[in-house]
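See below for the structure under consideration.
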Amino acid sequence: PGTALPKKHCCASLRCATTPAQRATDAAFTALQSAHRQQPPTTICVVLVASVDSQLEQEILDAGSEYQHLAGLPKALLPVSGGKRVLDYWWTAIESQRQISDVYLVTNAKSFKHFERWATARGLPSQNVVNDGTTTRASSLGAARDLLLALNRCGYNNDRDVVVVAGDSLFHREFDL
């Protein structure tokens, strides 16, 4: 009846030994945790567009004068519907994803300037267009090495998610990245 319940303490020894400095550190840590939870996730998107010497390129050359204006264009920059390029469809899908914070294009030396112009026209920094240095199919690095080039360029250290896109491939309109 007249006995008071003991106060609850923050430590197991039933005595509170926190100092003002410890409380300030705890408050800062809690604020950082809260800020981290509020930040949207950051995802890197790597668009691979480094194919060289494609069969389509040869078919355009063989098709005659009707398609000569397309000769030399990389496959991902060819118009497919209403003048919209293959890569433009991917760009629309990528831009709509809030969690994607950085986009890198990996291309070959032969197509580098084409993709650099395309990227800068869309607000993508030119340093995000990675030249893998290849000019022929025989010297091609392959998708895995091209991906590694992009990840090295952006300083990736396993701290973010990565989405890899084959930028010269078409997808269905209802595709959801």
Applying side chain to side chain contact (heavy atoms under 4.5 Å, CB included) to Val47 and Val106, what does each step give before you reach the verdict?
CA-CA 6 Å; Val47 182; Val106 182; over 6 Å; no
Any chance you could lay out the side chain to side chain contact (heavy atoms under 4.5 Å, CB included) test for Leu105 and Leu87, step after step, and finish with the verdict?
CA-CA 10 Å; Leu105 291 170; Leu87 193 52; 4.2 Å; yes
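- Residue Ser81 comes nearest to Tyr89 through the heavy atom pair CB-OH, 3.2 Å, listed as atom of the first residue, atom of the second, then distance.
- Arg117 CZ: more than 12 foreign heavy atoms inside a 6.0 Å radius.
- Listed here is the closest heavy atom pair of Cys154 and Arg160: O-NH2, 3.7 Å.
- Atom CZ of Phe115 sits about 4.0 Å away from atom CG of Leu77, to the nearest 0.5 Å.
- You'll find the side chain of Pro74 stays beyond 4.5 Å of the side chain of Glu57, heavy atoms only.
- The residue from Leu147, Val46, Val162 that alone fulfils the side chain to side chain contact (heavy atoms under 4.5 Å, CB included) condition with Tyr156 is Val162.
- At a threshold of 4.5 Å between non-hydrogen side-chain atoms, the residues Thr135 and Val52 do not count as touching.
- The CG atom of Leu48 lies 14.5 Å from the CZ atom of Arg145; values are rounded to the nearest 0.5 Å.
- Clustering ILVMFWY residues whenever any of their side-chain heavy atoms sit less than 4.5 angstrom apart, transitively, puts Phe112 in a cluster other than the one holding Leu149.
- Heavy atoms only, all atoms of each residue included: Gly72 and His114 are closest at O-NE2, 3.5 Å.
- For Tyr104 and Asp102, the side-chain atoms include no donor-acceptor pair closer than 3.5 Å.
- Under a cut-off of 6.0 angstrom, the local environment of NZ in Lys84 is crowded, with over 12 non-hydrogen atoms contributed by other residues, nucleotides or ligands.
- Scanning all heavy atoms of the two residues, the minimum distance from Ala50 to Asn108 falls at O-ND2, 3.1 Å.
- Around the CD atom of Glu59, the shell of radius 6.0 Å holds more than 12 heavy atoms that belong to other residues, nucleotides or ligands.
- A distance of 14.0 Å separates OH of Tyr67 from CG of Leu61, quoted to the nearest 0.5 Å.
- Rounding to the nearest 0.5 Å gives a distance of 8.0 Å between CG of Asp161 and OG1 of Thr42.
- Taking 4.5 Å as the limit, every side-chain heavy atom of Ile94 sits out of range of all side-chain heavy atoms of Val163.
- Here the straight-line distance linking atom NZ of Lys110 with atom OG of Ser51 works out to 9.5 Å at 0.5 Å rounding.
- Across all their heavy atoms, Leu70 and Pro79 have their closest contact at CD2-CD, 3.7 Å.
- In this structure a side-chain-to-backbone donor-acceptor pair under 3.5 Å is present from Thr120 to Glu116.
- Across every non-hydrogen atom of Ser96 and Ala93, the tightest pair is OG-O, 2.8 Å.
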Side-chain donor/acceptor pairs under 3.5 Å, residues 122-132, sequence neighbours excluded:
{"residue": "Arg122", "atom": "NE", "partner": "Asp88", "partner atom": "OD1", "Å": "3.3"}
{"residue": "Arg122", "atom": "NH1", "partner": "Trp118", "partner atom": "O", "Å": "2.9"}
{"residue": "Arg122", "atom": "NH2", "partner": "Asp88", "partner atom": "OD1", "Å": "3.1"}
{"residue": "Asn128", "atom": "ND2", "partner": "Val103", "partner atom": "O", "Å": "2.9"}
{"residue": "Asn131", "atom": "OD1", "partner": "Ala109", "partner atom": "N", "Å": "3.2"}
{"residue": "Asn131", "atom": "OD1", "partner": "Gly133", "partner atom": "N", "Å": "2.7"}
{"residue": "Asp132", "atom": "OD1", "partner": "Thr134", "partner atom": "N", "Å": "3.0"}
{"residue": "Asp132", "atom": "OD1", "partner": "Thr134", "partner atom": "OG1", "Å": "2.7"}
{"residue": "Asp132", "atom": "OD2", "partner": "Thr134", "partner atom": "OG1", "Å": "3.4"}

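- In this structure a side-chain-to-backbone donor-acceptor pair under 3.5 Å is missing from Trp91 to Ala119.
- Residues Ser140 and Asp146 fail the side-chain proximity criterion, which asks for heavy atoms closer than 4.5 Å.
- How far CD of Gln99 is from SG of Cys45: 10.5 Å, rounded to the nearest 0.5 Å.
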